[in-house]
Number of protein chains: 2
Amino acid sequence: MVAATRDGTVGKALSVLDQVAAFGRPVRFTELLAQSPFPKPTLYRFVQTLTNQQMLSYDPDRQTYAPGIRLVRLAHAAWEQSTLAPVARPHIDALSKAVGETVHLAQLDHAQVLYVDKRNAGKPVQMYSQAGKVGPAYCTGVGKVMLAFSDPAIVDLVIEQQSFHAFTPHTLTSAAALREELADIRAQGYGFDREEHEPGIICVAMPILSEAGRVLGALSVTSTTGRTNLAGLEAYVPILQDTARNIAIDAQNWSFPDHDTKETTGI
Amino acid sequence: MVAATRDGTVGKALSVLDQVAAFGRPVRFTELLAQSPFPKPTLYRFVQTLTNQQMLSYDPDRQTYAPGIRLVRLAHAAWEQSTLAPVARPHIDALSKAVGETVHLAQLDHAQVLYVDKRNAGKPVQMYSQAGKVGPAYCTGVGKVMLAFSDPAIVDLVIEQQSFHAFTPHTLTSAAALREELADIRAQGYGFDREEHEPGIICVAMPILSEAGRVLGALSVTSTTGRTNLAGLEAYVPILQDTARNIAIDAQNWSFPDHDTKETTGI
DNA sequence: AAACCAAGTTTCATATAATGAGACGCGGTT
DNA sequence: AACCGCGTCTCATTATATGAAACTTGGTTT
């Protein structure tokens, strides 16, 4: 996660937030305490404060804490302002329609892949339950592609703090294998997920690069070995390239033109 | 917002987060300073800390701050654990299919309505851009319905800190009018939005109440005056009632049964 | 070029708030 | 009745946050 100390009280309190979120379920005070670096009263006060602040929610019946509702509000703003999603939206819609497969838009967040948007092939999907999800960088198409074009220093850092887990027989499980793969990706400009994260799931991924060559994010088209193969996915490379370039251009020119998108949702 | 002081340094820092989010666009340091209660160096350090912590993101080119990507990660956890959305999902899907109109699921967050999930009538929709959105409580169907069944003390508080704005000619613009409406809703068990927030937009809303009578959230079916009228919407009351009751029951029994929902997304 | 200005950054003595060992209250066992 | 685990509170100590003022930087005006 983020550097816990160094950022004083605020940093410590936020680390508690992460801790609660990491549980993935409502959690009791004692459970937190057991794996907390903070002494009991300190942790207690953090939890109190965060609950006051609606960053945590408290269930009095079960005596449990969970990430709070204020985060949902804040994340809405974050998603609209700090991710590629709003600019990329029309392009992803078009791409999804064109290829008829699941499309992902991801960004790099520390050593992890953060999925910021998604279009499902057939039916509408509850996006929010997907966006915000994180995954490992070393065994996903989007992750590898983003790393391949990242600053070497960042790659070193990611590899260093990465514990390679073999999700499938195809997962790359060593720093050396990964570095080799990254070189290949850099050479050819795009990458694949060859059932490295889940059996039967393959994808082709394309980086979204700024004019200056900085990694903004990545796109991928996902399918299953039942429906197609890598050669089949490779056919999508041109349209992925176009889409990625267009997103990059729009991102460059994007300057939040004063809310000209008037709401008409009828909420 | 939340009580800024009282929660020490952490509370103050979080208030800065809110402030940034409220801008709705990337914002410069000076802009923040102009409307901040904190002196320059204090605000500066908060912004620094929050940026370090990825709660804010900084654009060095434009020298602007925006809500950070860490919020998206955290919100994912919050949405899954602290909202009705995961339990309600199947019920809302069914409801949406049955009525063929836009369906909203909302919860009360302070004095505001927080939309936690949504199904669009015809075409798939980018949910995330809607969930997390907040609206006023006094002039939306879901807001009034939730207030109507809330603790009187809460209602007083909400009304007190509410500045009534007339969005349309039909908006209730006085505490008295609102209280009267709330009494009616309580008597009849559900409520309407009679073009009170946006012209042409109407909805019927139903509270989701726990066995003990506590307000868990609210559902609504939204339409336009072009397609139907209040009497037409009233026909949905029985199915809304059923759906709300079923959601309440599921929410009661919901106890996070240890990740039996294995992922098969193929990300 | 020199003077100016505004936005951003750093310093440092002071005030304030965070800290955590310990103690307390309380419901549920044994 | 004694015990125990869990959550809560107290308070002297210490560390941290604070903010007036000074400094830097990059751009604009005279």
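Proteins get letters first, then strands, A, B, ... in listed order; numbering begins at 1 in each.
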Rounded to whole angstrom units, what separation is found between the CD atom of B:Gln48 and the C1' atom of D:dT16?
-> 17 Å
DNA chain C: first to last nucleotide in contact with chain A (atom under 4.0 angstrom from a heavy atom), 5' to 3', is C:dA18 to C:dG22
Carboxylate-amine/guanidinium proximity below 4.0 Å for B:Arg70 and A:Asp109 =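 A salt bridge is absent here (no side-chain N lies under 4.0 Å from a carboxylate O).
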Would you mind telling me which residue lines up with the more 5' stretch of DNA chain D, A:Val10 or A:Arg28, judged by nearest nucleotide?
->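 Nearest nucleotide further toward 5': that of A:Arg28.
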Set of residues satisfying side-chain hydrogen bond (donor to acceptor under 3.5 Å, both in side chains) with respect to B:Asn246, sequence neighbours excluded = none
To the nearest 0.5 angstrom, please state how far the CG atom of A:Asn52 sits from the CG atom of B:Asp7.
->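 CG of B:Asp7 is found 4.0 Å from CG of A:Asn52.
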Please list, chain by chain and in numerical order, all residues satisfying side-chain contact (heavy atoms from CB on, under 4.5 Å) with [X], sequence neighbours excluded.
X	value
A:Asp59	A:Asp61, A:Arg62, A:Thr64
B:Glu31	B:Phe23, B:Arg25, B:Val27, B:Arg28
B:Ala106	B:Val113, B:Tyr115, B:Val142, B:Met146
A:Asp156	A:Arg179

In the 5'-to-3' direction, what one-character label does each nucleotide of nucleotides 18-23 of chain D receive under the scheme B = base within less than 4.0 Å of a protein heavy atom, S = sugar-phosphate only, - = no such atom?
-> BBBB--
Contacts of type salt bridge (charged side-chain N to carboxylate O under 4.0 Å, His left out), residue A:Arg245, not counting sequence neighbours | A:Asp242
Contacts of type salt bridge (charged side-chain N to carboxylate O under 4.0 Å, His left out), residue B:Arg45, not counting sequence neighbours = none
Which one of A:Leu14, A:Asp18, A:Val72 satisfies the side-chain contact (heavy atoms from CB on, under 4.5 Å) criterion with B:Leu74?
-> A:Asp18
Can you list every pair that meets salt bridge (charged side-chain N to carboxylate O under 4.0 Å, His left out) and has a residue in residues 205-219 of chain B, with sequence neighbours left out?
->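 Output for this query is empty, none listed.
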Shorter than 3.5 Å, N or O on both sides, protein versus nucleotides 24-27 of chain D: list them out with atom names.
none

Proximity of B:Phe164 and B:Tyr138 rings by center, below 6.0 Å =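 Yes, ring centres under 6.0 Å apart.
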A:Phe29 and A:Tyr65 aromatic centres sub-6.0 Å |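 No: the rings miss the under 6.0 Å criterion.
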Give the angle between the helix axes at the two ends of the helix from C:dA1-D:dT30 to C:dT30-D:dA1, taking five base pairs at each end and rounding to 10°.
->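 The value is 20°.
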